[in-house]
There are 2 protein chains.
Amino acid sequence: MAIGIKVSPNKAFYLKDPQETTLGKKIIKESILLIDEIGFEDFNFKKLAVQMESTEASVYRYFENKHMLLIYLVSWYWEWVSYLMEVNTMNIKDSKEKLKLIIRTLVYASKDNAAIEFVNESVLHRLFIAEGTKAYHRKTVDQENKEGFFLNYKELVQKIADVILEIKPKFPYPHALATELFEMANNHIYFAQHLPRLTDVEVVGEDYSEVDEMIEYFAFKLLA
Amino acid sequence: MAIGIKVSPNKAFYLKDPQETTLGKKIIKESILLIDEIGFEDFNFKKLAVQMESTEASVYRYFENKHMLLIYLVSWYWEWVSYLMEVNTMNIKDSKEKLKLIIRTLVYASKDNAAIEFVNESVLHRLFIAEGTKAYHRKTVDQENKEGFFLNYKELVQKIADVILEIKPKFPYPHALATELFEMANNHIYFAQHLPRLTDVEVVGEDYSEVDEMIEYFAFKLLA
DNA sequence: TCATTAATGATAGTATTGCTATTATACAGG
DNA sequence: CCTGTATAATAGCAATACTATCATTAATGA
């Protein structure tokens with residue numbers, strides 16, 4: 001996300017646009033750090049206010065509750081990855097090469113970058129891996145879906161699916177494969193770090209190359 | 001799970017074995033129904049007590065908190081699927097046929113069956129699809145993993161991985177593929193029902209056949 | 001049959017969470 | 001300098017997440 005570019009999550013996510021004010025940006029910045037640190041279950045607006053040296057009431061002026069804040073952050077992540085994908089595949093002609101670069105983007109989403117200064121994308125990536133699915137695994141999913149809460153995810157998947165179809169126009173499951181590539185990237189980074197017997201790859205520090213290799217293997221085997 | 005067979009989740013999950021008493025069984029039975037109905041976020045022991053016509057304090061004698069109850073239920077599900085897999089592939093010689101039956105089991109886990117009378121496996125399946133990942137996407141995952149909370153999942157994955165290796169001994173990612181088959185089954189049933197643009201399959205009522213077909217396609221393409 | 005114990009129910013109470021309301025202060029634009 | 005807007009400070013309330021105590025019942029067994 002080049003400097004000056006603004007990520008634009010759905011207006012329905014917030015009561016007041018956090019990107020418009022200093023306090024709002026601080027909420028985004030600090031909530032990412034705090035959720036990453038203590039986990040979404042233990043996170044609340046009181047703790048966030050303390051960490052920000054602001055007040056609970058002020059945070060509530062921006063977001064209805066912590067679920068809406070998570071939706072906002074997760075949506076930001078989807079948009080951010082979409083953007084990275086675009087940038088990284090720009091001017092690439094070969095579809096297979098494009099898919100490789102897409103996979104690399106999904107795995108290494110956090111790659112440092114001239115990004116929005118108040119968002120630590122690397123931490124956001126980790127947050128998404130750990131908490132992302134909680135955004136849509138709720139009883140409210142259908143209503144929220146109607147209101148467009150997950151559009152960014154769908155657009156991301158559509159973009160990947162388009163490339164899949166460029167490679168193999170008759171592939172019967174382009175969206176499902178796109179979704180799986182994205183989910184696999186996140187899942188197997190998490191499994192490698194926390195439940196290693198559920199995977200075959202290792203992650204050492206920031207080195208996700210084995211995950212990248214594996215997903216490439218899966219993708220191209222399926223599209224062979 | 002033939003009548004008389006007892007599922008045996010880790011003792012560390014509970015304060016007092018719920019399978020040993022009438023009230024305990026009622027907690028299992030009613031909590032599955034209530035979580036399925038209102039979602040895990042809104043679920044609490046007070047509401048469960050009301051639904052059971054018991055008291056909050058009584059529920060707390062069995063489970064430390066709702067997270068531990070979820071771990072118990074999820075673990076039950078993993079064990080139940082493991083058991084079904086065994087039964088369904090018993091006496092099957094051909095490894096490919098075995099994998100097909102395993103996939104069918106993962107997708108149709110809820111298939112009615114001479115099961116434990118106080119657990120509605122069909123509802124448990126739905127609950128797992130919606131809430132399952134919340135059991136291990138928590139800050140406590142490493143500690144809980146050490147205490148063996150996820151052994152049932154690992155054993156399930158190992159069983160599938162063994163069959164994968166029977167089919168293709170040199171397949172480089174047997175555990176990851178096993179995990180993905182399981183995760184895909186759950187994800188795409190959920191996506192088909194709630195976020196259809198993330199997948200290519202349709203689920204109509206209880207008919208998961210398109211999911212089954214798709215996962216078979218993925219698995220055998222990868223093992224070709 | 002009585003005494004003992006274990007399980008549950010009934011009730012109460014405390015600390016924290018989730019959220020709303022009110023007023024005061026600061027400070028930015030006209 | 002005035003006026004509106006954003007934030008801070010504070011309070012408060014209802015719900016949640018437990019814990020403790022005691023009474024009641026059921027089951028066990030001497």
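These numbers were taken from a predicted model, which means no experiment stands behind them.
- Ring to ring, A/Phe191 and B/Phe150 are not that close: their centroids are 6.0 angstrom or more apart.
- If you check residues 54-62 of chain A against DNA chain C, the residues with a heavy atom closer than 4.0 Å are A/Glu56, A/Ala57, A/Tyr60, listed by number.
- Between the side chains of A/His175 and A/Gln158, at least one donor N or O lies within less than 3.5 Å of an accepting N or O.
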Per-nucleotide protein contact along nucleotides 25-30 of chain C, 5' to 3', at a 4.0 Å heavy-atom cut-off (B base, S sugar-phosphate only, - neither), is ------
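- Atom C1' of nucleotide C/dC19 and atom CG of A/Asn65 are separated by 10 Å, given to the nearest angstrom.
- As rounded to whole Å, 15 Å separates atom P of D/dC18 from atom NZ of B/Lys47.
- Remark: P of D/dT7 and CG of A/Leu48 are 14 Å apart, rounded to the nearest angstrom.
- Spacing between atom CZ of B/Phe63 and atom P of D/dT19 amounts to 15 Å, rounded to whole angstrom units.
- Regarding B/Lys26, its NZ atom lies at a distance of 11 Å from the P atom of C/dT8, rounded to whole Å.
- Annotation: B/Tyr62 is not in aromatic contact with B/Phe45 [ring centroid separation under 6.0 Å not met].
- Between A/Glu53 and A/Lys26, no side-chain nitrogen of the basic residue sits less than 4.0 Å from a carboxylate oxygen of the acidic one, so the salt-bridge criterion is not met.
- Using a cut-off of 4.0 Å between Lys/Arg side-chain N and Asp/Glu carboxylate O, A/Lys134 and B/Glu41 are scored as not salt-bridged.
- If you measure from atom NZ of A/Lys46 to atom P of D/dA8, you get 12 Å, rounded to the nearest angstrom.
- Among the heavy atoms of the strands lying under 4.0 Å from A/Lys16 are primed sugar atoms or P, OP1, OP2 only; no base atom is included.
- Between the CG atom of B/Leu15 and the P atom of D/dC18 there is a distance of 11 Å, rounded to whole Å.
- For A/Phe40 and B/His137, the distance between ring centers is not under 6.0 angstrom.
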